[in-house]
Structure formats: C-alpha cells, structure tokens
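These notes concern the structure reproduced below.
Computed from heavy atoms alone, side chains included, the values below leave out hydrogens, waters and symmetry copies. Counting from 1, the numbers follow the sequence of the chain as shown.
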Amino acid sequence: MSDLEAPLRPKRKKVWVDYFVQFRWIIVIFVVLPISFTLYFLTYLGDVRSECKSFKQRQKEHDENVKKVVKRLKERDPKKDGLVCTARKPWIAVGMRNVDYKRARHFEVDLSAFRNVLDVDRERMIARVEPLVNMGQISRVTVPMNLSLAVVAELDDLTVGGLINGYGIEGSSHIYGLFSDTVVAYEIVLADGKLVRATKDNEYSDLFYAVPWSQGTLGLLVAAEIKLIPVKEYMRLTYKPVMGNLKEIAQAYVDSFAPRDGDQDNPEKVPDFVETMIYTPTEAVCMTGRYASKEEAKGKGNKINSVGWWFKPWFYQHAQTALKKGEFVEYIPTREYYHRHTRCLYWEGKLILPFADQWWFRFLFGWLMPPKVSLLKATQGDAIRNYYHEMHVIQDMLVPLYKVGDALEWVDREMEIYPMWLCPHRLYKLPVKTMVYPEPGFELQRRQGDTQYAQMYTDVGVYYAPGPVLRGEVFDGADAVRRMENWLIENHGFQPQYAVSELNEKNFWRMFDAGLYEQCRKKYGAVGTFMSVYYKCKKGRKTEKEVQEAEQAIVDAPDAEADQPADY
C-alpha cells in the first residue's frame with residue numbers, strides 16, 4: 001500500500017500516562033536495575049550452592065518437597081477452598097498476560113523449592129530437572145560438558161515449567177520442534193495427590209500429549225526429563241543481508257534452512273540454527289549457525305565475537321550491520337550465542353531505556369542489564385499496564401511456513417512494527433490430536449520445509465510499539481490483537497498463551513483443539529480442582545462464580561464423540 005493510499009490516522013492527545021512511560025527510565029535505572037542485579041546475583045549463588053550438592057542429595061530433597069505438595073493437595077477441601085494454583089506471585093511470571101485469575105479466591109501450593117537440576121545422564125542423553133530451573137541455569141551446567149538441551153529458549157529467566165506448560169522455541173526448533181517436543185517424561189502430581197510419570201508409551205500417554213500448552217491446568221509439574229544433544233564450543237554464524245519486498249524476504253528466509261529438493265533431514269543442507277530479523281519492509285538479515293570446535297574457531301583469519309560481554313553492541317543491532325557491510329561470518333561461544341537476546345530483551349530494551357544501547361551506557365552500566373521482566377511488571381500499576389496493552393504489542397504468530405509472507409504483510413499493514421523476528425519450528429504429526437496440530441493432509445502437499453512426519457511452521461515475533469503509536473497517532477491495540485487472532489484462526493495459526501488475548505471462549509477453542517485436553521481434565525480429576533486453560537488465559541479479572549459455572553458446565557456436559565481426541 002502506497003503512502004497516498006494509507007489511511008490517515010488522527011493524532012492522539014497525550015495524557016499523564018504518556019509522560020510517565022516516557023520518563024519511566026528514571027525508575028528503571030535507579031530502582032529496577034539495581035534490584036534486578038541483586039536478584040540475579042543471589043539466584044546465581046543459590047544455583048552454585050545447588051550444584052555443589054550431589055545428585056543423590058538433590059533427589060532426596062526433591063522427594064521431600066514432592067511429599068509436601070502431595071500433603072498440601074490432600075488438605076484441600078473442595079467445598080470450602082478455591083481452585084488450586086501455585087503460590088508464585090503474579091508479577092513474577094515472564095510474559096505480558098495478566099495473571100488475574102489469582103485475584104479470586106484460590107488454594108495455593110508452594111513450588112518455589114523446585115529449582116534444581118536433578119541429574120544429567122550422559123548415557124541416556126537426558127537431563128532431569130525441576131520446573132523452576134531456568135535456561136541460564138541449565139546451559140551453565142550442560143554447555144561445559146559439551147552437552148545442551150535440544151531447544152534452549154533465548155532469555156535466561158524462562159523456566160522449564162513455563163516452556164513446557166506454555167510455549168518455548170529456539171533457532172534449533174526447525175530440527176527438534178518446540179521445547180515441549182524435546183521432553184521424554186513428565187512427573188506430575190494429579191488433583192488427588194497421586195504422583196505419576198507420563199511418557200509417550202506408558203499408561204499415561206494421553207496425559208503426556210495433553211500437558212504442552214495446558215498452562216498447568218491438568219496437574220502440578222514437579223520434574224521433567226528432557227533430551228540432550230552433543231554440542232561444540234562455538235557457533236559459526238553467517239549473516240546474510242536480504243533486500244526486497246516482504247514476500248521476497250520471506251522466500252529468502254525459507255531458502256536459508258529448507259532445501260528446495262525436500263531433503264529437510266540432511267544435516268549437510270540444513271544448518272543447526274536459524275533466525276531472521278526484519279528491520280524495515282525492504283531489509284532483513286538471515287542468520288544461520290553451525291556448531292564449530294574450538295580449534296576451528298581459533299583458526300587463522302577467523303573472527304571470534306564474545307557477544308555476552310556487557311559492553312558489546314546489542315545483538316540485533318550488531319546483526320543489522322550486515323545491511324551495510326554485506327555477508328560475513330564469525331564465531332560466537334556457544335552459551336553466549338544461546339542467550340544472545342537476553343541483555344537487550346530482543347529490542348524491547350530500546351523502549352525501556354532509550355539510550356541503553358549507546359557505547360557509554362553499555363561500558364559504564366551494561367553489566368546491570370537486563371532489567372528483570374518481573375520487576376518491570378511489579379513497578380507498573382493498572383494504568384500503566386493498560387497503557388501497554390493499548391500502545392504496545394508483544395505477540396508471537398505461529399503460522400505455516402508457506403504463509404510467512406502473508407503474515408509479514410499483515411503485520412506491516414495493520415501494526416507497522418519493526419524489527420520482526422522469524423524462527424522456524426516443526427509441528428509434528430502425533431498419534432493423537434493435541435491442542436496445536438499441523439494442517440490436515442499437509443504431507444500430501446510436499447511444500448518446502450515439510451516432511452512426512454512434520455509440517456514446518458514459523459514464529460513471527462512481533463515485539464515493539466506500533467508505527468502509529470511512535471508517530472503519536474490513534475491506535476487501538478486491543479482491536480489490532482483481536483484482528484490478528486482472527487487472522488491466525490483463518491490461516492491455521494496459533495498464538496502462544498503467554499501473550500495478551502482478546503479471544504472469547506468460542507474462538508479460543510477454534511484456534512486450539514479441546515478434545516484430548518478436556519478428556520484428560522475429566523479423567524485425571526482436574527475439573528473442579530484446576531482452572532481451565534481458557535479461564536486461566538482469559539483477559540481481565542475472573543470472578544469465582546464465573547469460574548465455578550464454567551467448571552460445572554464441563555462436569556455436566558455429556559461425553560460426546562466430538563470430545564474425543566482424533567487419531568490422524
């Protein structure tokens with residue numbers, strides 16, 4: 001759409017919240033950053049203390065903590081107490097969705113002690129961890145062993161439990177799928193206090209497939225066994241600039257990791273890591289990485305870039321230099337590459353601290369970065385929170401790979417947000433139909449990136465203030481998100497549930513499949529004990545009466561054929 005054809009948006013009158021947000025950096029610098037650094041340091045000391053214990057001692061403590069959870073659940077009186085939820089404070093969660101369900105009467109179960117790496121089994125290539133272990137902690141333990149989780153989400157603070165029950169992706173997801181696809185077993189305490197271990201081929205296989213995306217509404221996750229892979233010391237990263245329209249950028253992105261001959265499982269043709277960042281409607285940088293040994297990285301003429309140092313340019317800005325200097329290659333230490341977006345929170349740091357990317361700030365204060373997302377949320381009241389819901393977008397659009405160009409054009413037309421992040425992932429064809437599932441018959445289309453057992457999807461990450469907001473124009477954020485969600489439903493896309501959603505219950509279950517989930521809710525006693533996933537994700541406050549009526553409707557509903565999980 002040309003500038004002449006673009007609709008003219010009226011200017012928006014500034015209110016006091018605009019000025020507070022504009023100068024919020026003062027609170028961030030003098031309050032949030034110092035407290036964040038202190039909390040990061042204390043957490044690190046706790047992790048080191050845990051690592052000094054033997055696996056046997058950690059297992060003993062784990063067993064004792066599980067007994068406390070079981071005891072606590074059995075103390076609950078369903079007639080008097082509210083629905084079960086964790087005792088974790090609402091502002092601690094890493095995500096934009098308001099945890100309003102905890103404002104209603106509820107029965108808390110404390111899981112704060114579950115933050116240990118319980119075992120690293122080199123023979124089975126499995127890491128057994130508790131749900132509050134975060135990505136920074138697990139990579140610090142495994143990478144020195146030349147091991148890693150198959151999918152390591154970029155931000156340090158993201159926890160195993162959140163990535164399993166919610167959504168987790170990385171640049172390796174085009175090979176291994178989403179974070180939950182790399183889990184081989186869940187240890188879950190059910191509503192009645194029973195501890196079970198669910199795998200894809202034991203008696204709890206239905207629960208195993210239902211847990212991902214369930215937001216902890218089927219039981220309390222207390223441990224998970226996750227796939228490990230061998231890794232090398234460095235990532236050989238190639239930065240390739242792309243110029244053209246959004247459809248051309250989308251095709252260049254697809255070509256960067258998906259062979260046109262369909263040989264998607266050939267490691268000679270498919271890189272270990274993939275991501276693309278789109279900076280303008282006509283400029284992008286495609287990045288592909290392959291693991292490299294220390295000897296290779298330190299070879300003559302090779303450039304090593306330790307991006308993890310506090311004074312280094314922010315990663316997305318460093319990658320953007322390829323637009324001027326052309327394609328180039330460098331070697332990044334593996335663990336630093338995994339967490340390349342942590343220091344600047346992708347590019348959100350630019351909005352939070354407009355000058356934090358300047359060389360003088362990085363050099364003097366970069367060691368304090370990043371601010372903890374939980375503290376940013378804790379220091380904003382309802383007015384600020386509502387402002388961000390209207391004037392700020394943090395969304396991920398999961399779309400079939402062949403529709404990436406359409407998704408980019410939609411975001412450009414409706415939101416005008418740049419940069420955008422692209423990261424591919426496999427959506428597997430499973431024995432049962434789960435909450436998220438590939439398009440029926442995708443394997444017959446033989447599209448680029450697809451295989452017989454998985455359809456290639458892409459996460460289109462949309463994080464920033466929309467163009468109209470930056471220009472001071474009227475922008476209805478809630479309406480934009482609503483239209484985005486409708487677009488996803490129409491195009492067999494999905495939206496991670498950490499984000500703000502405007503979906504009503506009917507449309508929520510048009511986007512996701514309820515069959516297996518609701519069957520497991522009934523079978524394992526979750527109905528009446530845990531809030532359903534829709535009401536947990538629903539925007540706004542949840543009254544106890546509203547939730548009880550919704551839960552009772554599920555209990556009273558007859559078992560219908562449509563409620564059963566579909567084999568396909």
Side-chain angles (χ1 to χ4, degrees), residues 21 23-47 89 91-97 132-140 152-159 162-163 168-171 275 277 305-320 332-333 335-380 384-385 388 392-394 396 419 421 423 461-465 498-499:
V21 171
F23 294 101
R24 193 183 177 199
W25 60 266
I26 299 173
I27 294 177
V28 174
I29 286 182
F30 293 105
V31 179
V32 175
L33 280 182
I35 296 177
S36 293
F37 179 81
T38 302
L39 291 177
Y40 281 126
F41 182 68
L42 293 175
T43 300
Y44 171 75
L45 291 180
D47 294 343
K89 298 302 180 184
W91 52 269
I92 292 179
V94 180
M96 290 301 293
R97 176 172 52 85
L132 290 184
V133 169
N134 64 36
M135 293 296 98
Q137 181 182 359
I138 188 66
S139 65
R140 190 166 54 246
V152 183
E154 289 91 348
L155 303 184
D156 282 27
D157 274 358
L158 297 174
T159 63
L163 295 169
I169 191 173
E170 230 287 23
E275 72 176 329
M277 286 184 276
N305 184 8
S306 296
V307 299
W309 287 103
W310 75 90
F311 53 82
K312 287 282 190 173
W314 288 356
F315 183 77
Y316 84 94
Q317 293 177 339
H318 170 65
Q320 192 174 8
I332 300 175
R335 185 168 184 270
E336 295 182 27
Y337 175 77
Y338 286 161
H339 304 296
R340 61 200 177 279
H341 293 299
T342 291
R343 193 154 42 95
C344 55
L345 301 175
Y346 286 88
W347 29 87
E348 285 288 307
K350 185 67 175 174
L351 282 179
I352 300 167
L353 292 170
F355 44 78
D357 59 337
Q358 300 299 304
W359 68 267
W360 59 268
F361 184 93
R362 297 198 316 268
F363 186 80
L364 295 174
F365 305 109
W367 52 277
L368 288 170
M369 293 289 283
K372 287 186 76 70
V373 175
S374 56
L375 284 176
L376 290 172
K377 292 170 65 177
T379 54
Q380 64 184 28
I384 306 300
R385 183 171 58 182
Y388 279 117
H392 193 182
V393 175
I394 295 186
D396 287 270
W421 185 64
C423 183
V462 186
Y463 328 122
Y464 211 61
Y498 79 83

Quick one: do I29 and F361 satisfy side-chain contact (heavy atoms from CB on, under 4.5 Å)? Show the steps, please.
CA-CA 11 Å; I29 286 182; F361 184 93; 4.3 Å; yes
Side-chain heavy atoms of [X] within contact of [Y], under 4.5 Å:
X    : Y    : answer
M135 : T342 : no
H339 : V152 : yes
L376 : R24  : yes
I169 : D396 : no
E154 : Y338 : no
L33  : L353 : yes
K312 : N305 : yes

For the backbone of [Y] and the side chain of [X], can you confirm whether one donor and one acceptor N or O come within less than 3.5 Å of each other?
X    : Y    : result
S139 : R335 : no
R343 : V307 : yes
S36  : M369 : no
W347 : Y463 : yes

Ionic contact status for E275 with R340, cut-off 4.0 Å
yes
Between [X] and [Y], how do the two ring planes meet: parallel, tilted or perpendicular, split at 30° and 60°?
X    : Y    : answer
F311 : F363 : tilted
W360 : F355 : parallel
F315 : H318 : tilted

Show the nearest heavy-atom pair for residues [X] and [Y], with the distance to one decimal.
X    : Y    : value
K350 : W314 : N-CZ3, 3.7 Å
N134 : Q137 : OD1-N, 2.8 Å
C423 : E170 : SG-O, 3.0 Å
P34  : V28  : CD-O, 4.2 Å
L155 : H341 : CD2-O, 3.6 Å
M277 : W421 : CG-CD1, 4.0 Å

Begin with the C-alpha distance, continue with both residues' side-chain angles, and end with the deciding distance and a verdict on side-chain contact (heavy atoms from CB on, under 4.5 Å) for Y40 and D157.
CA-CA 10 Å; Y40 281 126; D157 274 358; 3.5 Å; yes
Between atom CG of L364 and atom CH2 of W310, what is the distance when rounded to the nearest 0.5 Å?
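Reported to 0.5 Å precision, the distance equals 10.5 Å.
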Nearest-0.5 Å distance, CG of residue D47 to CG of residue L42
11.0 Å
Please confirm whether the ring centroid of W367 lies under 6.0 Å from the ring centroid of F37.
yes
Report the C-alpha distance between L375 and L39 in whole Å, list the side-chain angles of each, state the deciding distance to 0.1 Å, and finish with yes or no for side-chain contact (heavy atoms from CB on, under 4.5 Å).
CA-CA 10 Å; L375 284 176; L39 291 177; 3.9 Å; yes
Verify side-chain contact (heavy atoms from CB on, under 4.5 Å) between V373 and E348, making sure each step is shown before the conclusion.
CA-CA 11 Å; V373 175; E348 285 288 307; over 6 Å; no
